[in-house]
Amino acid sequence: MLDIQLLRKDITAVAARLATRPYVLDVDSFQKIEAERKEIQMRTQDLQARRNSLSKQVGALKGKGEDTAAVMEQVAGLGDELKSCEGHLAGIQTQLDALLLGIPNLPHDSVPNGKSSDDNLEMRRVGTRRTYDFAVKDHVDLGEQIGGLDFAVAAKIAGSRFAVMKGPIARLHRALAQFMLDTHTQEHGYTEVYTPYLVNADSMRGTGQLPKFEDDLFATFKSKDEKLYLIPTAEVPVTNLVRDEIVPLEQLPLKFVCHTPCFRSEAGSYGKDTRGMIRQHQFDKVELVQVVHPDQSYASLEALTGHAEAILQKLELPYRVVTICTGDMGFSAAKTFDIEVWLPGQNAYREISSCSNFESFQARRMQARYRDEKGKPQLAHTLNGSGLAVGRTLVAVLENYQNADGSITVPNALHRYMNGVESITAGSR
RNA sequence: GGAUGGGUGGCAGAGCGGUUGAAUGCACCGGUCUUGAAAACCGGCAAGGGGGCAACUCCUUCGUGGGUUCAAAUCCCACCCCAUCCGCCA
């Protein structure tokens, strides 16, 4: 959510910056509602003030044993107008909130303008792409040949966009998650957390999934009329740890790492990435979340991106980092770096992590604050990034570490998580 | 699912129709004292929002929603959450 003061003061500049996303801010309707709000709010508060002071007089008169009939009559006369004003104001406030909740974040000045992913800015390429003296396979063929990846049985159990992993592939998948958690907690200073996978609507609103993106979510029912949502990313429960909290200054920055399954409906991506486990309804991810002082958030974004990159470096997987342009950026982000890993099977770089600074956009929605030097509550800045998407990392390992005979060499960094296993083949367990 | 108790400021915890945005303690900030610190003493200290150039001022908030009343943290109704015990259970 944007600061409403910003919209009141300089809506033209805000609209211009949002247009780069592109998002058309309805300036007229905002200004119309805002003008109405101002008028009604002032009138309502004036009536309330009069009622309060008259009521206090009644109390004072009664205390002295004097007659109160005249004052009570006066205050009674206020009743109807007050009630209608309060109702009117509540209605306008609801409208205003709805409008505000639908406005995306302002891109940071350093974000390149652009229309689509074609306009994203490559920052760096890291690692060396292997050359193969045989025809490379993709992870689907490799996994099925080993007997560890089964999409057909997953479709039987649940439908499309699910996978069943078995044997050495399932183990490799687990090893990757453990390896990521250990690296981030032991080397990057994150605190591991375990959270609910089902969350309430307030939490989804806090991080920006609701009200606009309900279609992207899976939901379930706690009771007949109480809905719970399956998390699309650990960002949601973890960032909401600080919802409605005032964190003491000395506790910043908060750094959390969390491994969870993620559930996405992938509505609107029909026909995209239908093969393999690149785009699934359910996938595991290790997520990094930081809550920081506003002065630090861009330095933190660089650091957090580096933490995600460290995983790929340790796994010796080649990747590149891109800055997402205005037109390709997510709703809540002020700036995003994507990390894209090289996939020989697709002969392309594919997103494996997305690291964003949300500035105060999420914090304002969820009233996540810290106490500044003067003791005043201030909105914190929130960040998060995948460190990394476990399923896609598995895909990257399978494809990059494949051998001519279809076996997979286990990256050195994972040996201790695989009980010393250095290679997996069809016979592995 | 059943029973009981409970949800009040950063925390603990009073208040149970009016002058209470809320006693008291802790924490925190400023000061006195001290070589320094502690202790002691004095003072300050909720959040969100509106109006105003400002000084300042007004509104809202005691789990949530609704109701009664001139007036609600306090009374009534519904719901939610937490704790404990019983039942069931990974």
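Residue numbers begin at 1 in each chain, while the letters A, B, ... track the order of the sequences.
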>> Among residues 47-54 of chain A, which ones have heavy-atom contacts with RNA chain B below 4.0 Å?
In response: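 Residues of residues 47-54 of chain A that come under 4.0 Å of RNA chain B are, in numerical order, Q48(A), A49(A), R51(A), N52(A).
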> Where along residues 87-105 of chain A does a heavy atom come under 4.0 Å from RNA chain B, residue by residue in number order?
Replying inline: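 Nucleic-acid contacts, sorted: none.
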Separation between the [atom1] atoms of [N] and [M], rounded to whole Å:
| N | M | atom1 | value |
| --- | --- | --- | --- |
| A47(B) | A83(B) | C1' | 27 Å |
| C70(B) | C79(B) | C1' | 29 Å |
| G5(B) | G63(B) | C1' | 16 Å |
| C42(B) | A27(B) | P | 15 Å |
| C76(B) | A72(B) | P | 15 Å |
| G2(B) | G87(B) | P | 16 Å |
| C81(B) | G65(B) | P | 16 Å |
| U24(B) | C41(B) | P | 15 Å |

> Has R369(A) got a side-chain N or O lying under 4.0 Å from the OP1 or OP2 atom of G48(B)?
Replying inline: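 Checking G48(B) against R369(A), a side-chain N or O does come within under 4.0 Å of OP1 or OP2.
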> Is any side-chain nitrogen or oxygen of K38(A) closer than 4.0 Å to OP1 or OP2 of G51(B)?
Replying inline: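 Looking at the OP1 and OP2 atoms of G51(B), one of them is under 4.0 Å from a side-chain N or O of K38(A).
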Whole angstrom value for the distance that separates [atom2] of [N] from [atom1] of [X]:
| X | N | atom1 | atom2 | answer |
| --- | --- | --- | --- | --- |
| Q74(A) | A71(B) | CD | P | 14 Å |
| L379(A) | A47(B) | CG | C1' | 13 Å |
| Q367(A) | G10(B) | CD | C1' | 16 Å |
| K9(A) | G50(B) | NZ | P | 10 Å |
| N200(A) | C79(B) | CG | C1' | 16 Å |
| D67(A) | C70(B) | CG | C1' | 13 Å |
| D202(A) | G65(B) | CG | P | 12 Å |
| Q5(A) | G51(B) | CD | P | 8 Å |

Base paired to [N] (Watson-Crick or G-U; both N/O distances under 3.5 angstrom):
| N | answer |
| --- | --- |
| U19(B) | none |
| U32(B) | A40(B) |
| A46(B) | U61(B) |
| C75(B) | G67(B) |
| G1(B) | C86(B) |

> For the side chain to side chain donor-acceptor pair (under 3.5 Å) test, which of H307(A), E287(A), K255(A), H184(A) pairs with Y190(A)?
Replying inline: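 The side chain to side chain donor-acceptor pair (under 3.5 Å) with Y190(A) is passed solely by H307(A) among H307(A), E287(A), K255(A), H184(A).
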>> Tell me if a side-chain donor or acceptor on N412(A) pairs with a main-chain N or O of H415(A) at a distance below 3.5 Å.
In response: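 Judged by distance alone, no pair lies under 3.5 Å.
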>> Would the distance check show the side chain of D328(A) and the main-chain N or O of I324(A) forming a donor-acceptor pair, the cut-off being under 3.5 Å?
In response: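 No: the side chain of D328(A) does not pair with the backbone of I324(A).
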>> Between G59(A) and P377(A), which residue's closest nucleotide on RNA chain B lies nearer the 5′ terminus?
In response: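 Looking at RNA chain B, the more 5' nearest nucleotide goes with G59(A).
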>> Using heavy-atom distances to pick each residue's nearest nucleotide on RNA chain B, tell me which of Q41(A) and A60(A) is more 5'.
In response: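 Closest to the 5' end, via its nearest nucleotide, is A60(A).
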Please find out if less than 6.0 Å separates the ring center of [X] from that of [Y].
| X | Y | value |
| --- | --- | --- |
| F151(A) | F162(A) | no |
| Y229(A) | F218(A) | no |
| H381(A) | Y298(A) | no |

> How about E73(A): does its CD atom have over 12 heavy atoms from other parts shown lying under 6.0 Å from it?
Replying inline: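 Atom CD in E73(A) is not crowded, with 12 or fewer foreign heavy atoms closer than 6.0 Å.
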> Is there a side-chain contact between F30(A) and L96(A), using heavy atoms and a 4.5 Å cut-off?
Replying inline: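 In short, these two side chains touch, coming nearer than 4.5 Å.
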> Can you tell which of R392(A), R350(A), R161(A) makes a salt bridge (charged side-chain N to carboxylate O under 4.0 Å, His left out) with D273(A)?
Replying inline: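 Among R392(A), R350(A), R161(A), the one that satisfies the salt bridge (charged side-chain N to carboxylate O under 4.0 Å, His left out) with D273(A) is R350(A).
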The side chain of [X] lies closest to which of these nucleotides: [options]?
| X | options | value |
| --- | --- | --- |
| V58(A) | G52(B), C70(B), U19(B) | C70(B) |
| Q45(A) | G18(B), G50(B), A47(B) | G50(B) |
| M72(A) | G50(B), G21(B), C70(B) | C70(B) |
| M42(A) | C70(B), G51(B), G10(B) | G51(B) |
| R8(A) | G18(B), U68(B), G50(B) | G50(B) |

> Hey, mind stepping through Q362(A) and T382(A) against side-chain hydrogen bond (donor to acceptor under 3.5 Å, both in side chains) and telling me if it holds?
Replying inline: CA-CA 7 Å; Q362(A) 294 180 326; T382(A) 61; 2.7 Å; yes
>> Within the 4.0 Å heavy-atom criterion, would you say P248(A) contacts the bases, only the backbone, or no part of the nucleic acid?
In response: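 No contact at all - P248(A) keeps every heavy atom at 4.0 Å or more from the nucleic acid.
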> Which part of the nucleic acid, if any, lies within reach of E250(A) when heavy atoms closer than 4.0 Å are counted: base, sugar-phosphate only, or nothing?
Replying inline: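 Nothing, no nucleic acid heavy atom in range.
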> For R243(A), which of R365(A), M366(A), R205(A) qualifies under side-chain contact (heavy atoms from CB on, under 4.5 Å)?
Replying inline: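 Only one option passes, and that is M366(A).
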> Looking at G18(B), does its base get a donor-acceptor pair with the side chain of K62(A) below 3.5 Å?
Replying inline: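 By the distance-only test, yes, there is a pair.
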> Would Y319(A) and E309(A) count as a side-chain hydrogen bond (donor to acceptor under 3.5 Å, both in side chains) if you check the C-alpha gap in whole Å, the side-chain angles of each, and the deciding distance to 0.1 Å?
Replying inline: CA-CA 8 Å; Y319(A) 67 90; E309(A) 285 179 69; 2.7 Å; yes
